[in-house]
Trainee: 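Here it is: the structure, laid out below.
Quick caveat: nothing in here was measured; it's all calculated off a predicted structure. Position 1 is the first residue of the sequence, and the numbers go up from there.
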Amino acid sequence: MWKPLLALATPFALLSCVTYHTPSDGLVRARLNETVSLANGARLTPLKVLEDSRCPAGVQCVWAGQVRVSVMIDTNGGSSTAALTDGKPVSAAGGIIELTEIAPTKRNGVTIYPEEYRFAFRFSR
């Protein structure tokens with residue numbers, strides 16, 4: 001009698017397990033005011049969204065727009081701030097830093113609050 005019940009309960013027990021996967025794509029991801037470590041040991045903290053002029057999903061725009069983010073970069077030599085624009089690499093921290101992903105997707109008529117933003121950065125030497 002217990003075996004049929006156990007057979008039914010097992011898949012549900014497995015569904016309740018949560019596994020988080022960290023992408024191994026070489027990117028570091030952060031929210032505003034969250035500090036992440038770059039491959040060279042420097043630390044990067046997104047501070048503020050300076051501009052989000054992206055074209056909303058489902059809308060046809062003449063210009064795709066861009067996102068600019070103010071970041072703090074901490075190295076052994078000190079700290080500095082920089083404005084990163086998506087898709088435009090910047091020389092900093094002894095290498096190249098690029099803002100590669102911004103979430104969430106901009107939607108027409110929907111406000112994105114600062115705490116909702118997520119950014120992905122690529123560092124290369």
Trainee: Return the minimal non-hydrogen interatomic distance between P114 and L32, and the atom names on each side.
Mentor: O-CD1, 3.3 Å

Trainee: Do the ring planes of F121 and F119 sit parallel (below 30°), tilted (30 to 60°) or perpendicular (above 60°)?
Mentor: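 Taking F119 first and then F121, their aromatic rings sit tilted (interplane angle of 30° to 60°).
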
Trainee: Below 4.5 Å, heavy atoms only, C-beta onward: do T81 and L47 meet side chain to side chain?
Mentor: yes

Trainee: Check side chain to side chain contact (heavy atoms under 4.5 Å, CB included) between S79 and all other residues, then give those that pass, not counting sequence neighbours.
Mentor: M72, D74

Trainee: Sequence neighbours excluded, which residues qualify as side chain to side chain contact (heavy atoms under 4.5 Å, CB included) partners of A30?
Mentor: E34, V36, P46

Trainee: Heavy-atom distance under 4.5 Å between the side chains of N40 and R125, does that happen here?
Mentor: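 SC-SC contact between N40 and R125 confirmed.
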
Trainee: Not counting sequence neighbours, which residues clear ring pair (Phe, Tyr, Trp, His ring centres under 6.0 Å) with F123? List them please.
Mentor: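 Ring pair (Phe, Tyr, Trp, His ring centres under 6.0 Å) list for F123, sorted by chain: empty.
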
Trainee: Indicate yes or no: at least one non-hydrogen side-chain atom of L38 is less than 4.5 angstrom from one of V28.
Mentor: yes

Trainee: By the side-chain hydrogen bond (donor to acceptor under 3.5 Å, both in side chains) test, which pairs, at least two apart or in different chains, include something from residues 90-100?
Mentor: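 Checked against side-chain hydrogen bond (donor to acceptor under 3.5 Å, both in side chains) - neighbours excluded - no pair reaches residues 90-100.
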
Trainee: Kindly say whether E116 contributes a backbone atom to a donor-acceptor pair with the side chain of R118 at under 3.5 angstrom?
Mentor: yes

Trainee: Mind checking side chain to side chain contact (heavy atoms under 4.5 Å, CB included) for Q66 and listing every partner two or more places apart, or none if nothing turns up?
Mentor: E51, S53, W63, R68, T85, D86, K88

Trainee: L84 and side-chain contact (heavy atoms from CB on, under 4.5 Å): which single residue from I97, V67, L50 fits?
Mentor: I97

Trainee: According to disulfide (SG to SG under 2.5 Å), does anything in residues 65-114 pair up with another residue at least two apart or in another chain? List the pairs.
Mentor: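 Pairs touching residues 65-114 that pass the test: none.
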
Trainee: Give every residue pair that meets the ring pair (Phe, Tyr, Trp, His ring centres under 6.0 Å) criterion with at least one member in residues 38-61, sequence neighbours excluded.
Mentor: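 Sorted pair list comes back empty.
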
Trainee: Just to verify, what does S80 make a side chain to side chain contact (heavy atoms under 4.5 Å, CB included) with, not counting sequence neighbours?
Mentor: I73

Trainee: Using the side chain to side chain donor-acceptor pair (under 3.5 Å) criterion, which residues pair with E101? Sequence neighbours excluded.
Mentor: R29

Trainee: For Y113, which fellow cluster members are found when Ile, Leu, Val, Met, Phe, Trp and Tyr are connected by side-chain heavy-atom distances below 4.5 angstrom, either directly or through intermediates?
Mentor: none

Trainee: Looking only at heavy atoms, which two atoms of T75 and A42 are closest? And how far apart?
Mentor: CG2-CB, 3.7 Å

Trainee: Within a strict 4.5 Å, meaning less than it, do heavy atoms of the R107 and P56 side chains meet?
Mentor: no

Trainee: Check side chain to side chain donor-acceptor pair (under 3.5 Å) between R54 and all other residues, then give those that pass, not counting sequence neighbours.
Mentor: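 Only D52 meet the side chain to side chain donor-acceptor pair (under 3.5 Å) criterion with R54.
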
Trainee: Could you tell me which residues satisfy side chain to side chain donor-acceptor pair (under 3.5 Å) with T35, sequence neighbours excluded, listed by chain and number?
Mentor: T45

